[in-house]
Protein chains: 2
Amino acid sequence: MSQLCTSDSPDLFRSLLSRIGDKWTLIVIGVLGEERKRFTELVDFIPGISRRMLTVTLRALERDGLVSRTVYAEVPPRVEYEVTPLGRSLQAVALTLGDWVSEHQHTIAHHRREFDAATAP
Amino acid sequence: MSQLCTSDSPDLFRSLLSRIGDKWTLIVIGVLGEERKRFTELVDFIPGISRRMLTVTLRALERDGLVSRTVYAEVPPRVEYEVTPLGRSLQAVALTLGDWVSEHQHTIAHHRREFDAATAP
DNA sequence: CTGAATCCTAAGGGATACTG
DNA sequence: CAGTATCCCTTAGGATTCAG
């Protein structure tokens with residue numbers, strides 16, 4: 001973890017972490033990990049996401065090379081998104097994070113209740 | 001990754017992810033992972049952190065049961081923080097995330113430069 | 001020494017309307 | 001269909017000050 005302080009590029013490190021921690025990134029990668037999808041399919045598939053936030057999230061992922069964007073010269077326009085091999089490798093790492101949360105979520109929820117009970121009254 | 005949509009408690013899941021993605025959490029866990037430290041030691045040890053943000057971060061970690069807080073009845077007061085076994089298990093997972101970033105940071109930085117060059121001009 | 005309280009700004013993110 | 005632009009509200013987080 002000390003690379004968080006000594007890394008070549010702590011700013012890059014942090015920007016990646018906050019990307020992972022943001023509201024939609026992992027969800028989008030997870031959905032795209034199953035199969036390539038077009039814009040509206042993603043909107044329909046991901047409950048609660050707005051077109052704006054989907055655009056913002058996809059642009060960021062594309063910029064980092066985690067997702068690729070393919071435009072087909074058709075009318076009406078068709079655009080498909082797909083995770084890259086790099087994105088897939090991130091997904092694999094994120095999955096272990098997801099497993100950790102799944103495994104410990106009840107313990108953590110319990111800690112929170114205890115802490116709140118001990119602090120609030 | 002689909003547990004992001006189907007999890008028992010997506011809110012808890014998200015709160016944990018954004019905790020991990022915030023500015024100081026992993027740094028604090030990383031530093032405390034090496035050895036237990038008191039408040040001021042942490043401030044001195046972590047470049048750039050304010051006392052306020054250290055307090056906020058430590059409280060959140062304590063609430064989740066990732067860090068424990070011990071108060072000694074002395075004058076002047078002494079408080080020591082230490083990662084719990086649960087915190088250590090999270091640190092292990094976060095380390096794999098750190099490894100991934102270390103391994104791919106140059107690739108990602110390259111992607112960003114290319115993307116920005118293709119979009120900005 | 002170890003915080004809590006307050007103030008302030010910058011960024012995240014939602015709703016809505018418009019466009020090629 | 002696939003976005004972009006705008007407005008606005010909420011939250012993260014820094015600076016500073018006060019207190020036990």
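First the proteins, then the strands, lettered A, B, ... as listed; each starts at 1.
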Item to check | Interatomic distance, A:Leu58 CG vs D:dT4 P [rounded to whole Å] | outcome: 10 Å
Item to check | d(CG, B:Leu42; C1', C:dG3) in whole Å | outcome: 13 Å
Item to check | Nearest-0.5 Å distance that lies between atom CG in B:Leu97 and atom CG in A:Leu16 | outcome: 8.0 Å
Checklist outcome for this item: Value for CD1 (A:Ile27) from OG1 (A:Thr25), rounded to nearest 0.5 Å, stands at 9.0 Å
Checklist entry - Is A:Lys37 positioned over the aromatic face of A:Tyr81, cation under 6.0 angstrom from the ring centre and no more than 45 degrees off axis? => result no
Checklist entry - Restricting to pairs with a member in residues 56-73 of chain B, which pass salt bridge (Lys or Arg N to Asp or Glu O under 4.0 Å), not counting sequence neighbours? => result A:Arg112-B:Asp64, A:Asp116-B:Arg63, B:Arg19-B:Asp64, B:Arg59-B:Glu62
Checklist entry - NA contact type, B:Thr55, heavy-atom cut-off 4.0 Å: base, sugar-phosphate, or nothing? => result sugar-phosphate
Next on the checklist: Considering every strand and a 4.0 Å limit on heavy-atom distances, what is the contact class for A:Arg59: base, sugar-phosphate, or nothing?
Outcome noted: sugar-phosphate
Checklist entry - Can a side chain N or O of B:Tyr81 be found less than 4.0 Å away from OP1 or OP2 on C:dG3? => result yes
Next on the checklist: If you assign each of B:Arg38 and A:Pro77 to its closest nucleotide in DNA chain C, which residue comes earlier from the 5' end?
Outcome noted: B:Arg38
Interface polar pairs with nucleotides 10-15 of chain C, N/O, under 3.5 angstrom:
from   : atom 1 : to      : atom 2 : distance (Å)
C:dG13 : OP1    : A:Lys23 : N      : 3.2
C:dG13 : N7     : A:Arg52 : NH2    : 2.8
C:dG14 : OP1    : A:Lys23 : NZ     : 2.5
C:dG14 : OP2    : A:Trp24 : NE1    : 3.2
C:dG14 : N7     : A:Arg52 : NE     : 3.4
C:dG14 : O6     : A:Arg52 : NE     : 3.2

Between the protein and nucleotides 17-19 of chain D, which nitrogen or oxygen pairs are less than 3.5 angstrom apart?
from   : atom 1 : to      : atom 2 : distance (Å)
D:dT17 : O4     : B:Arg51 : NH2    : 3.4

Item to check | Side-chain touch B:Ile46/B:Val28, heavy atoms, less than 4.5 angstrom | outcome: yes
